[in-house]
Number of protein chains: 2
Amino acid sequence: MMQNEAEPPATGSRAWQRRQRVAHILASAERIFAEAGFGGASMSALAAAAGLPKANLHYYFGTKEALYTALLDSILDLWLSATDSIRPESDPAEALTAYVRAKMAWSRTRPYASKVFANEVLHGAPYLGSYLAGELRALVREKSRVLEGWIAEGRMEPVDPPHLFFAIWAMTQTYADFEAQIRAVLDRPELTAQDHARGSDMVLRLVLKGCGLRFGAAEGLGE
Amino acid sequence: MMQNEAEPPATGSRAWQRRQRVAHILASAERIFAEAGFGGASMSALAAAAGLPKANLHYYFGTKEALYTALLDSILDLWLSATDSIRPESDPAEALTAYVRAKMAWSRTRPYASKVFANEVLHGAPYLGSYLAGELRALVREKSRVLEGWIAEGRMEPVDPPHLFFAIWAMTQTYADFEAQIRAVLDRPELTAQDHARGSDMVLRLVLKGCGLRFGAAEGLGE
DNA sequence: GAGAAAGCTGACCAATCGGTCAATCTTGTT
DNA sequence: AACAAGATTGACCGATTGGTCAGCTTTCTC
């Protein structure tokens, strides 16, 4: 029988075990690629991180490049999933708040994934280029039209939607990608939940007030 | 006679020629490191970019690491020079506008430098760490006090100054560091002056309105 | 339980890595 | 002109790189 690709294979089956191992390799590779970049990450370092012999990684992925692109693919899904709240019938302030919150949460919970993505784009997106020009561009077009609709209805001030997205991406991801700089300036061994909360507040303040929306700052940050 | 280190040596002199060559190597290395990262940049690629034999780079810098840190040092000065406009007696809106403009100009004119810096921080700032925790932290402390002064005088709304800086850095540098992504979304072979102007406007809008300051948008963006 | 298929890995490979060095050339000093 | 110091570089080095493969074990199928 043909196994439907969309359906997860039965627990314990061969295909299931393969997916488990592939997922485990990708998970450990995320950290190595994030810390060393593509060029700086060696197959032996990737193998050591996964706790497997180097030849085993080659068995599953063939080449270092294939392993890297497989990792990028697995990260891409996360990147797009946060825009769901931006729909024509949504309240602008609520939708943007949810979007910023989702992006900030992603920086907090998946910092290595964010760094791998950032590293790829930073170096000219050699592997991600076609995706950026395809799916991402289409997504931004779609969501920009939603914002333009809100603007036409007088529900928010006229802003350039794509550049608003660029600003939101930059501000939210900086808490993952440039975490070393933020930690150094704030003099922290690690960013605390409060640091993230303050960052989140700042981003929301700038975005909402910048769009002429009410910024409640309803968060209890304490003191 | 002792040559004063602060004074530039006479044109054509041996020391002058040395500085010229060092500067030329650093200038060409900037692009290689920006595009490939530290690990991905090879000495032979750096040598090819400089149009010199590999052994010549080793003669001037000793190791790849020394060449890289020399480049980082040369970039750091640029990074700090833009905050001059933020002084207690300045007008908040004017000071922040000048700061954002300076940062945006830096992204436009020195994208490779920005990318090298970003890459370093992205990978945990192994070479820049002590500088970030030293000079940069001190600078942010100093400028944060200026902002707190403005806030106390009621000249701007109460915002968390360090996080405001993080937001400004992120938004302005994204036009250099994540240029590949922005280009892809905007469907441009290269970012135009208008793209940068629109980005600059967006950043100013978010920063000024976020701080409760007037955003004039006095720019003639055409159309 | 026999054969096939998939999983696994130690040993090995050519290529490239960062770096060294002796030999040569150029320049400044006297 | 003679010498010293600095500048230059082709040839080379051991180490590490990404990648291969033969041979073994495990698991599935019938």
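In what follows, every chain begins at residue 1, and chains take the letters A, B, ... in the order their sequences are listed.
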Applying salt bridge (Lys or Arg N to Asp or Glu O under 4.0 Å) as the test, list every pair that has at least one member in [range]; sequence neighbours left out.
range: residues 126-145 of chain B; result: D187(A)-R137(B)
range: residues 42-71 of chain B; result: none
range: residues 29-46 of chain A; result: E30(A)-R110(A), R31(A)-E35(A)

Interface with DNA chain C, restricted to residues 117-129 of chain B and to heavy atoms under 4.0 Å | none

For [X], which residues count as a salt bridge (Lys or Arg N to Asp or Glu O under 4.0 Å) partner, sequence neighbours excluded?
X: R188(B); answer: D195(B)
X: D77(B); answer: none
X: E179(B); answer: K115(B), R183(B)

Return the set of residues passing side chain to side chain donor-acceptor pair (under 3.5 Å) with [X] (not counting sequence neighbours), or none when no residue passes.
X: S42(A); answer: S44(A)
X: Y99(A); answer: W169(A)
X: Y68(B); answer: E120(B)

Between the protein and nucleotides 7-11 of chain C, are there any N/O to N/O pairs under 3.5 Å, and if so, what are the atom names and distances?
residue, atom, partner, partner atom, Å
dG7(C), OP1, R18(A), NE, 3.2
dG7(C), OP2, R18(A), NH2, 3.0
dG7(C), OP2, Y59(A), OH, 2.4
dG7(C), O5', Y59(A), OH, 3.1
dC8(C), OP1, R21(A), NE, 3.0
dC8(C), OP2, Y60(A), OH, 2.4
dT9(C), OP2, N56(A), ND2, 3.4

For DNA chain D, find the residues of residues 26-47 of chain B with a heavy-atom distance under 4.0 Å and give them by number; none if there aren't any.
-> none

Check the angle between the aromatic planes of W79(A) and F117(A) and answer parallel, tilted or perpendicular using the 30° and 60° thresholds.
-> parallel

